[in-house]
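Structure first, then comments.
In this text the structure is predicted, and so the values were computed from the model without any measurement.
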Amino acid sequence: MSDPTRLESRDAPPADRRSPAGQGAPARKWSVLLAVGIGTFMSALDGSIVNAVLPAVREALGTTVAGIEWVVSIYLLVVSGVLLGFGRLGDLRGHRGVYLAGLGGFVVTSALCGLAPSAPWLVAARALQALAAAMLFANSPAILTLAFPPSERGRALGLQSTMTYLGLSAGPPLGGLLAAHLGWRAIFFVNVPIGLVGLALGRAVVPHDEPHGDVPRFDLLGAGAFFVGLFGLLLALDQGHDWGWRSPVTLGLAGASLAVLATFVAIERRRPHPMLDLSLFQARAFTGSAFSAVASYVGEYAVLFLVPFYLVQARGLPVQHAGAMLSALPLMMLVAAPVAGELSDRLGPRRFTVAGMAVLTAGLLLLSRNGPGTPTWRIAGALAVAGLGLGLFIAPNNSRLLGAAPPHRRGIASGVLAAARNVGMVLGVGLAGAVYTTVLARTGQRGVAEGVSAGLVAAAGVTALATVTSWLEAG
């Protein structure tokens, strides 16, 4: 298999193509991490805070449950479809410029969301917000890998993950507080001051990395085909439980989307300067890390989707108590991620990715054994085990994937990483939802615990496969 350090392409830049500042001065690397961390925290906070107060938003705007779900769905679908494009644009035009444009756009579109007079307005504003968020997601890891030497890459990505988990943990309680005292619009307006601070700091400290000389043209046709194909496929997976998994609409949309994605691959093979350099996947470390990333998010979002049904419907816990118990997962990730990231710099990422995926699988299986009388401490403990596995896995795996890409492909590698996260999220919810609803169709509401258990076992099968492939790759 190819050595990732030797991957080249027809538009590979000469050694001096990017400005020296783009390599990251040691004295500024921590300021760069802080600037990128603010953007990471803000985007993670936004995702968790919006989900927490959707019922209040639905009531205030007078729309249906199906209508308000699009506030979340459109964001995820648009982000997923444009991540690779914005990562490639960062490679071509400079990651700093694309990232800062995304940060500024996120501030503006957050204000538009807060001003929304109706549900359709809010959905449209969320679609625009997703474009800005994709600029952040697709370029922030690339900026950090330019600012930090390879020996500290895992540490930097682990600390960035910490900012993600801080945002995810703070979102639900902060959302409830803001909605109760200032109204639901405050959950969007809170992004404005945070984003402006991040924008000011980013403009001051993130190094310029604009390429020198002739720059290849952006592959607009490839970007469009990828967006249409992935958007359609994820839409079919996201809505399949409502439309019916065997309905003509679901099957037709999924089939047409796969055909478009196959066309995208054919286009990229013929392009002299493709949006997605398919030679990246010749590196076993890159392909394996991308697959493992998808599997990890399948496991995580199967937990986040299914366990609330068990806690609230099968166990009868109040929603606030269920939310507090679920916080065991991100809190353990918060603790483990920076430690795993730093240790992976010293010991290598492979052992952490294998161990993390194995621990995540164990956590899923422990959660699948919960019954009507399981003590709450055991439930919280199982959630903590799953969180530990994710914390051990994510930063080392991200470091390994980015390290497998040559410097002039770090943006598209970041885009692949972010796309893997979003695809894994949708697949996790889709797989868990399909198994859960299948069991309920047979048992009725008395089978909630059984359906949750079956869905978690299915997700554990995916993560167990990723554990084996990671171990074989490491060997």
Side-chain angles (χ1 to χ4, degrees), residues 1-7 141 145 150-151 153-155 157-158 161 279-303 329 332-333 335-369 381-405 413 416-421 423-425 427-428 431-432 455-475:
M1 196 62 69
S2 303
D3 180 350
T5 62
R6 296 182 179 274
L7 285 174
T145 58
S151 61
R153 183 185 297 129
R155 184 183 188 187
L157 293 172
S161 297
S279 67
L280 285 170
F281 293 95
Q282 294 174 9
R284 188 171 62 179
F286 186 91
T287 303
S289 297
F291 169 72
S292 296
V294 172
S296 71
Y297 287 103
V298 167
E300 179 181 356
Y301 278 82
V303 172
L329 187 142
M332 184 57 74
M333 294 166 70
V335 172
V339 177
E342 184 162 359
L343 289 177
S344 70
D345 288 331
R346 303 177 188 174
L347 305 175
R350 287 180 175 180
R351 66 190 69 191
F352 290 94
T353 59
V354 174
M357 195 62 72
V359 173
L360 172 59
T361 302
L364 289 167
L365 293 175
L366 286 172
L367 285 168
S368 73
R369 296 175 62 85
L383 286 166
V385 170
L388 175 62
L390 288 163
L392 290 173
F393 170 82
I394 289 176
N397 189 69
N398 292 357
S399 177
R400 190 163 188 237
L401 184 145
L402 291 167
V416 169
L417 188 59
R421 177 184 63 232
V423 170
M425 289 162 56
L427 287 176
L431 173 65
L456 290 170
V457 169
V462 175
T463 59
L465 176 62
T467 304
V468 173
T469 56
S470 297
W471 179 74
L472 291 174
E473 185 182 331

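- Taking all atoms of both residues into account, the shortest heavy-atom contact from Met332 to Leu388 is CG-N, 3.3 Å.
- Tyr297 and Ala420 get closest at one heavy-atom pair: CD1-O, 4.5 Å.
- No option in Asn398, Leu401, Val294, Val416 other than Leu401 meets the side-chain contact (heavy atoms from CB on, under 4.5 Å) test with Ser289.
- Residues Leu329 and Leu390 meet the side-chain proximity criterion, which asks for heavy atoms closer than 4.5 Å.
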Trace of the side chain to side chain contact (heavy atoms under 4.5 Å, CB included) decision for Thr463 with Val298: CA-CA 8 Å; Thr463 59; Val298 167; 5.7 Å; no
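- In this structure, OG in Ser296 is found 10.5 Å from CZ in Arg421, a value given to the nearest 0.5 Å.
- Counting only distance, with no hydrogens or angles, the side chain of Ser399 and the backbone of Pro396 share no donor-acceptor pair below 3.5 Å.
- Looking at Leu427 and Tyr301, their side chains never come closer than 4.5 Å, going by heavy atoms from C-beta outward.
- Contact detail for Val462 and Ala295: the closest heavy-atom pair is CG1-CB, 3.9 Å.
- You'll find the side chain of Thr469 reaches within 4.5 Å of the side chain of Phe291, heavy atoms only.
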What's the verdict on ring pair (Phe, Tyr, Trp, His ring centres under 6.0 Å) for Phe286 and Phe281, showing C-alpha distance, side-chain angles and the deciding distance? CA-CA 6 Å; Phe286 186 91; Phe281 293 95; 5.2 Å; yes
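- Atom OG1 of Thr361 and atom CG of Leu456 lie 12.0 Å apart (nearest 0.5 Å).
- The shortest heavy-atom contact between Met357 and Ser292 is CE-O, 3.4 Å.
- In this structure, Asn397 contributes its side chain and Thr353 its backbone to no donor-acceptor pair below 3.5 Å.
- Residue Ala460 comes nearest to Leu365 through the heavy atom pair CB-CD2, 3.7 Å, listed as atom of the first residue, atom of the second, then distance.
- Here Leu364 contributes atom CG and Glu300 contributes atom CD; the two are 10.5 Å apart, rounded to the nearest 0.5 Å.
- In this structure, CZ in Arg400 is found 11.5 Å from OG in Ser344, a value given to the nearest 0.5 Å.
- The two residues Phe393 and Gly356 make their nearest non-hydrogen contact at CB-CA, 4.1 Å.
- The backbone N or O of Arg284 lies less than 3.5 Å from no partner atom in the side chain of Thr287, so there is not a single donor-acceptor pair.
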